[in-house]
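Counting from 1, the numbers follow the sequence of the chain as shown.
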Amino acid sequence: MGGQGGNLVPEMGGDIALLLTLVRNESLLSDGSAAIDSPVVTSPSNISFVEDPKLNEMGSVGSSNASESAITASKNELLVISSPGKKKMRCDMPPKSVTTIEQMERIYVRNRASSRSMRPRWSSVRDKELLAARKEIENAPIAVGDQELYASLYRNISMFKRSYELMERILRVYVYKEGQKPVFHQAILKGLYASEGWFMKLMEGNKQFVVKDPRRAHLFYMPFSSRMLEYKVYVRNSHNRTNLREYLKQYTDMISRKYPFFNRTGGSDHFLVACHDW
């Protein structure tokens, strides 16, 4: 711990140590020395201490230097070493407000009623299939005693079960072949954004839902990666995403000129998958 009465300085692997002195009830005496009330020392276990003779020499400096110095102590007094506490993450804090199931239901109904999705410009066989499926879902048999699903997690477990069954049986998706790598058709399978990459990989290789004829599709998947879009197009630290929007707009303009499906519904049956934290 150093010599008798010496001042203590943390030694951290040869780096310059940051010494934070917290002084309570400090007042300068008539002889220019500093009086420190109730010194407290806290130190992490991984910090070793050595005596610094320079700090002992500073103790004999006059009052003018003592008032300017951030580190002043007498021989028999200890310096206070402290580190700020770890900042609490938002995800660790309780929510500021709680939304009840009834409120969620009202929000859902309101948003559904105000949806901007346009009616198809012309009807198709797929529209009739979806309308028939919707009637089956709305009139789903009551699910009782299901051992696989926890009913309290669902708005309506009976409708969910029927919807899921119909999805697996009749849903068909067309995956656009257009789009250049790496923004399109290049799945990132590792890291924080891997979920969108795995969706792309599994969907493009799927044989149950994916169809080669777009006329048979209920939904249309635009296989782009938001991670690669950021990497290739976004100007770092610009806080401007105009070029990203323009890039995707050019893509949708291209497929709407080449195919009739986007224009038929205004894109309401087209989707993309993006995982990001922008």
Side-chain angles (χ1 to χ4, degrees), residues 88-95 98-99 101 104 107-108 111-112 115-117 130 133 137 148-157 159-212 214 217-252 254-255 261-262 265 267-278:
K88 211 167 188 179
M89 301 297 291
R90 182 177 296 179
C91 60
D92 296 328
M93 293 188 278
V98 177
T99 304
I101 297 296
M104 291 182 188
I107 293 171
Y108 168 76
N111 290 343
R112 188 179 180 88
S115 174
R116 294 180 295 174
S117 298
L130 292 177
I137 294 169
E148 297 181 354
L149 302 176
Y150 184 59
S152 299
L153 293 178
Y154 302 89
R155 293 178 59 251
N156 187 314
I157 188 172
M159 294 176 67
F160 171 81
K161 283 192 67 176
R162 191 60 180 143
S163 173
Y164 198 90
E165 293 166 357
L166 291 170
M167 178 198 71
E168 290 197 311
R169 196 176 77 204
I170 70 171
L171 181 65
R172 298 294 178 266
V173 179
Y174 179 76
V175 181
Y176 283 108
K177 303 297 187 292
E178 287 74 17
Q180 295 181 348
K181 293 181 179 182
V183 176
F184 291 87
H185 305 287
Q186 182 164 317
I188 305 299
L189 304 179
K190 294 182 180 180
L192 294 175
Y193 308 95
S195 58
E196 68 176 25
W198 278 105
F199 184 92
M200 181 190 300
K201 177 181 174 64
L202 295 174
M203 181 58 74
E204 291 193 314
N206 186 272
K207 294 182 179 179
Q208 178 181 352
F209 299 110
V210 175
V211 292
K212 295 181 179 180
H218 303 98
L219 296 174
F220 298 82
Y221 173 44
M222 298 184 290
F224 101 105
S225 167
S226 64
R227 181 69 183 91
M228 294 308 299
L229 181 70
E230 177 198 16
Y231 180 74
K232 298 299 281 187
V233 181
Y234 178 65
V235 179
R236 192 164 296 279
N237 298 324
S238 68
H239 305 290
N240 188 335
R241 300 182 177 87
T242 303
N243 54 342
L244 279 67
R245 290 193 293 266
E246 183 61 28
Y247 190 94
L248 291 179
K249 182 179 182 301
Q250 291 176 4
Y251 180 79
T252 55
M254 181 266 293
I255 62 173
F261 310 106
F262 191 93
T265 61
S268 62
D269 52 2
H270 287 56
F271 74 98
L272 48 83
V273 176
C275 176
H276 60 83
D277 54 3
W278 300 348

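- In this structure, the side chains of Phe220 and Pro214 come closer than 4.5 Å at one or more pairs of heavy atoms.
- Environment of CD in Gln180: sparse, with no more than 12 heavy atoms of neighbouring residues, nucleotides or ligands closer than 6.0 Å.
- Put simply, the side chain of Met200 does not reach to within 4.5 Å of the side chain of Val273, judged on heavy atoms.
- Relative orientation of the Tyr174 and Tyr176 rings is perpendicular, given thresholds of 30° and 60° on the angle between their planes.
- The closest donor-acceptor contact from the side chain of Glu196 to the backbone of Ser226 lies under 3.5 Å.
- One finds a salt bridge joining Glu165 and Arg162 here, because a Lys/Arg side-chain nitrogen approaches an Asp/Glu carboxylate oxygen to under 4.0 Å.
- Heavy-atom neighbours of Lys249 NZ from other residues, nucleotides or ligands within 6.0 Å: at or below the threshold of 12.
- In this structure, the side chains of Met203 and Pro223 stay at 4.5 Å or more apart for every pair of heavy atoms.
- Taking the six-membered ring wherever Trp is involved, the centroid distance between the rings of Phe271 and Tyr221 falls below 6.0 Å.
- Glu168 and Phe209 get closest at one heavy-atom pair: CA-CE2, 3.9 Å.
- Summarising the geometry of Lys177 relative to His185, their closest heavy-atom pair is O-NE2, 3.2 Å, with the distance given to 0.1 Å.
- Put simply, the side chain of Ile107 does not reach to within 4.5 Å of the side chain of Met104, judged on heavy atoms.
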Handout entry: Audit row: Leu171, Leu219, side chain to side chain contact (heavy atoms under 4.5 Å, CB included) steps and yes/no
Key = CA-CA 8 Å; Leu171 181 65; Leu219 296 174; 4.0 Å; yes
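- Here the straight-line distance linking atom CD of Glu148 with atom CD1 of Ile157 works out to 10.0 Å at 0.5 Å rounding.
- Across every non-hydrogen atom of Asn206 and Val210, the tightest pair is O-CB, 3.4 Å.
- Within the 4.5 Å cutoff, no side-chain heavy atoms of Tyr154 are placed close to those of Met159.
- Aromatic ring orientation, His270 versus Phe262: perpendicular (interplanar angle above 60°, classes split at 30° and 60°).
- At a threshold of 4.5 Å between non-hydrogen side-chain atoms, the residues Cys275 and Arg227 do not count as touching.
- When atom types are taken as modelled, the side chain of Lys190 and the backbone of Ile188 share no donor-acceptor pair closer than 3.5 angstrom.
- Side-chain contact between Leu229 and Leu248 is present, with at least one heavy-atom pair separated by less than 4.5 Å.
- Using a 4.5 Å heavy-atom threshold, the side chains of Glu246 and Val233 count as separate.
- Taking the six-membered ring where tryptophan is involved, the planes of Phe184 and Phe224 are tilted, since the angle between them lies from 30° to 60°.
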Practice task
Give the C-alpha distance, both sets of side-chain angles, the deciding distance and a yes or no for side chain to side chain contact (heavy atoms under 4.5 Å, CB included) between Phe160 and Leu149.
Solution key: CA-CA 10 Å; Phe160 171 81; Leu149 302 176; 4.1 Å; yes
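- Taking both residues in full, the closest heavy atoms of His218 and Ile170 are given as CE1-O, 3.1 Å, listed atom of the first, atom of the second, then distance.
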